[in-house]
Amino acid sequence: MLPVDVRPDVIGRITCGSLTAADAESPVTLKGWVNRRRDLGGLIFIDLRDRFGLTQVVFNPEVDAGAHEIANKLRNEYVIQVDGIVRSRPEGTVNPKMATGEVEVEAHGITILNESKTPPFYINEEGDFDEALRLKYRYLDLRRPSMQNIMLLRHRVVKYMRDFLDDRGFVEVETPLLIRSTPEGARDFLVPSSAQPGEFYALPQSPQILKQLLMVSGLDRYFQIARCFRDEAQRADRQPEFSQLDIEMSFITPEDLMALMEQLMIEITENFTEKTIQQKPFPRMTYADALDRYGNDRPDLRYGMELQNVSHALRGTGFKAFAGVLEAGGQVKAIVVPGCGTYTRKQIDEITELAKSAGAKGLATIAITDEGVKSPIAKFLTETEITALTNGIGAGTGDLVLLVADQAPVVAKTLSALREEFGKRLELADPNVMAYAWIVEFPLLEWDEDGNRWDATHNPFCGYFEEDEALLQSDPGNIRSKQYDLVANGNELGGGSVRNHKRAQQEKVFDLMGLSEEIQMDRFGSILTALEYGAPPHGGIAFGLDRTIMLLAGEESIRDVIAFPKNNRGADVMFDAPAPVETGQLDDLGLMLKPAPIA
RNA sequence: GGAGGUGUGGUGUAGUGGCCUAACAUGCAGCCCUGUCAAGGCUGAGAUCGCGGGUUCGAAUCCCGUCACUUCCGCCA
């Protein structure tokens, strides 16, 4: 996947991945770890490993009895230095599976630089080890070539991003990690201050306001590999601290930015992976369309199985469960699962449970078998209705039709979950394809039932289409934002927008969100004021760097592309963090712990 | 906060009420072996089956509780 490093390296060391037949008869010194020892009694072979590769070393008592004697004591993961001579391997012993398989090093001297206990898991072969153990001994986990390849990939991709942006006039600026807490969005990680006891910094959830302020400064093009912090529950693709490729530009349109970012992602994908890009230029899909066809705003476009509205085929149906939903303004939608018409009662029950956990009240199924239609709801529907329904969505013999009837958001969520489940089960998604797409025209605001107010769907700084200005008063839920998300293979890789660059514009959004003038100034005074001093039109985007690397590397967990990740509970099991602190430290901060954790 | 899954020598697994005095592979230790490269051969050590309670004549296996890890829902402007 990645090019092998050249040799010798900057300090003149010969690495274990670099010797070739051309080096035969040269004296050489190698340093590295014992990957494997093969003791034939007389001869001892060692595979010496470093980051760059493996080289076989031979200890022959007739060549150097002293070195052979020491080699008897070697064990896996010992760190050694070998002095010897590069030899072409004897006829018939060349190993074509090794990059250095044409040669070996005949040892004339050996120094054991450090011994090693037997590691808790294998380093010299790949395997699926307990993740808690891997995290506890992360330094050993990272010694495995597969993990080192990921770290190397990450390094190279980030370097490519920096060079790409530098070539185009972007400036990398570091923004502070100790900032002010805002109760909007995710829960903040708080950092108490000893200079001002009782007051707290917060770690940034993203440098959003800071990068906009840099646009007001006239920096024009900013980027940063920004560390972000969110004190929320973890997932396979979510960590409490993570990295974003954060970008902001002045005087741009959404089109400008999407075109530039698209070029960057294409180049990275094609330069660093063997994966093919499903469609170039990346397809565009509106938020409404994505929700309608896939049930979510980050669809996996590598396979079909789209959601299909069958409400029209059931208009006037006598089946009360469906009729009731339709009368209440709901909908009935379906997906056709190919080849699953033979599912047993037990399997149907299983996916019904899945549907319920996604929020549906139930799941209706129609199996189309050789012996005809099998369905628990068949007796409630007329033959005409069933035929119209199955024909209308292209279901054929052997297929299983899954139907959900409810209000649109519940239908979308349920069928989206089912579609993804069957996408996995039936292996519909090609792992060698990257299906990028832009999702556009998000609603600017969504109604928050609990807070009884409008809330920003993306972030409150997101701009909106001027032609929708009138809707601010009449129909805020239908204002289209200037937001764009980049999705790939069912993941949201990044999102951004063209921002509000005038104070009045921005205040209108805050007003709709129910923020009083006082609160607006208290929380967002810096940016509101800055927008009054010649803020240029600007916009940007932020990519989840870890997630991007995860997809490029073909990994299923974000933890596998982070050197020292937290576990599912946000804990670092190597350092045992978080941990209690000494009373004196709390005293300095003017803090006192409550007697028991709040349940 | 909720739901599911998993937990058996160092590691990865098998064992779903008695045949378990817990099996297999690998790793580990010792011995043999001069062309191996997942070296090979022989011998050996190593697990109170996550923890606690219960059911049973009998529990790795069934039940309850608990802990840890993990996946998903909630949450993630």
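All values reported here derive from a predicted model rather than from experimental measurement. Each chain gets a letter, A, B and so on, in the order the sequences are listed, and its residues count up from 1.
Qualifying salt bridge (charged side-chain N to carboxylate O under 4.0 Å, His left out) partners for A/E126, counting only residues two or more places apart in sequence or in other chains: A/R144. Every residue was checked against the ring-ring contact (aromatic ring centres under 6.0 Å, His included) condition with A/Y201, not counting sequence neighbours, and none meets it. Applying the side chain to side chain contact (heavy atoms under 4.5 Å, CB included) rule to A/A107 yields the partners A/V57, A/F59, A/V82; only residues at least two apart in sequence or on another chain are considered. Scanning for ring-ring contact (aromatic ring centres under 6.0 Å, His included) contacts around A/Y137 gives an empty result, with sequence neighbours left out.
Pairs passing the salt bridge (Lys or Arg N to Asp or Glu O under 4.0 Å) check and including a residue from residues 74-86 of chain A, sequence neighbours excluded, read A/R49-A/E77, A/E77-A/R143. Listed by first and then second residue, the salt bridge (Lys or Arg N to Asp or Glu O under 4.0 Å) pairs involving residues 486-498 of chain A amount to none (not counting sequence neighbours). Residue pairs meeting the side-chain hydrogen bond (donor to acceptor under 3.5 Å, both in side chains) criterion with at least one partner in residues 522-531 of chain A, sequence neighbours excluded, are A/R180-A/D522, A/E184-A/R523.
The separation of B/C49 from B/C24, taken at their C1' atoms, amounts to 16 Å, rounded to a whole angstrom. Between the C1' atoms of B/C76 and B/G1, the separation comes to 15 Å (whole Å). For the C1' atoms, the distance linking B/C63 with B/C72 amounts to 27 Å, nearest Å. B/C57 and B/G52 are spaced 23 Å apart, taking the P atom of each and rounding to whole Å. When the C1' atom is compared between B/G27 and B/G44, the two are found 14 Å apart, to the nearest whole Å. Comparing B/G58 with B/A39, their C1' atoms are spaced 47 Å from each other, to the whole Å. Distance noted for atom C1' between B/U71 and B/C31: 48 Å (whole Å). Spacing between B/G40 and B/U26 at atom C1', rounded to whole Å, works out to 15 Å.
Counted within 6.0 Å of CD on A/Q81, heavy atoms from surrounding residues, nucleotides or ligands total more than 12; the atom is thus considered enclosed. Heavy-atom neighbours of A/E25 CD from other residues, nucleotides or ligands within 6.0 Å: above the threshold of 12. Within 6.0 Å of CZ on A/F575 lie no more than 12 heavy atoms contributed by other residues, nucleotides or ligands. The number of heavy atoms from other shown groups lying within 6.0 Å of CD (A/E102) does not exceed 12.
Atom CZ in A/F59 sits about 17 Å away from atom C1' in B/A39, given to the nearest Å. Per the geometry, CZ belonging to A/R37 stands 13 Å off C1' belonging to B/C33, to the nearest Å. Atom CG in A/D39 sits roughly 11 Å away from atom C1' in B/U36 (whole-Å rounding). B/G12 atom P lies 10 Å from atom CZ of A/F121, rounded to whole Å. Remark: C1' of B/U11 and CG of A/D141 are 13 Å apart, rounded to the nearest angstrom. In this structure, the CD atom of A/E125 is 14 Å from the C1' atom of B/C37, given to the nearest Å. Remark: C1' of B/U26 and CD of A/E126 are 15 Å apart, rounded to the nearest angstrom. Rounded to whole angstrom, the span from the CZ atom of A/R36 across to the C1' atom of B/G40 amounts to 14 Å.
Remark: B/A23 base-pairs with B/U13; criterion is Watson-Crick or G-U wobble with both hydrogen-bond distances under 3.5 Å. In this entry B/G52 has B/C64 as its Watson-Crick or G-U wobble partner, both defining distances falling under 3.5 Å. With a 3.5 Å ceiling on both atom-pair distances, B/G58 lacks any Watson-Crick or G-U wobble partner. Summarising the base pairing, B/C69 is matched to B/G5 through a Watson-Crick or G-U wobble pair whose two defining distances lie under 3.5 Å.
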Table of protein N/O atoms under 3.5 Å from nucleotides 42-45 of chain B N/O atoms:
none

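For the contact set between residues 96-106 of chain A and RNA chain B, defined by any heavy atom under 4.0 Å, the members are A/K97, A/M98, A/E104. Within residues 487-502 of chain A, no residue has any heavy atom closer than 4.0 Å to RNA chain B. Using a 4.0 Å cutoff on non-hydrogen atoms, the parts of residues 66-93 of chain A near RNA chain B are A/R75, A/N76, A/R89, A/P90, A/T93, ordered by number.
A salt bridge links A/E248 to A/R499: one of the charged nitrogens lies within less than 4.0 Å of a carboxylate oxygen. Salt bridge present: A/R87 and A/E106 bring a charged side-chain N and a carboxylate O closer than 4.0 Å. Using a cutoff of 4.0 Å between basic side-chain nitrogens and carboxylate oxygens, A/E350 and A/R425 are scored as salt-bridged.
When each of A/D468, A/T457, A/L471, A/I479 is checked for a side chain to side chain contact (heavy atoms under 4.5 Å, CB included) with A/L444, only A/I479 meets the rule.
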Fill in the blank from the handout: Scoring nucleotides 68-77 of chain B by protein non-hydrogen atoms under 4.0 Å (B base, S sugar-phosphate only, - none) yields SSBBSBBBBB
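Between A/F129 and A/Q56, the one whose closest nucleotide on RNA chain B sits nearer the 5' end is A/F129. Nucleotides of RNA chain B nearest to A/T118 and A/L43 differ in position, and the one nearer the 5' end is that of A/T118.
A cation-pi arrangement is present between A/R480 and A/F465, with the terminal nitrogen or guanidinium carbon under 6.0 Å from the aromatic centre and inside a 45° cone about the axis. Cation-pi geometry between A/R37 and A/Y78 is not satisfied (NZ or CZ under 6.0 Å from the ring centre, within 45° of the ring normal).
Here A/L354 lies out of heavy-atom contact (under 4.0 Å) with every strand.
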Practice task
Apply salt bridge (charged side-chain N to carboxylate O under 4.0 Å, His left out) to the pair A/R559 and A/D546, showing each step before the final yes or no.
Solution key: CA-CA 8 Å; A/R559 295 184 294 271; A/D546 313 283; over 6 Å; no
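Here A/R38 does not reach the OP1 or OP2 of B/U36: none of its side-chain N or O atoms lies under 4.0 Å away.
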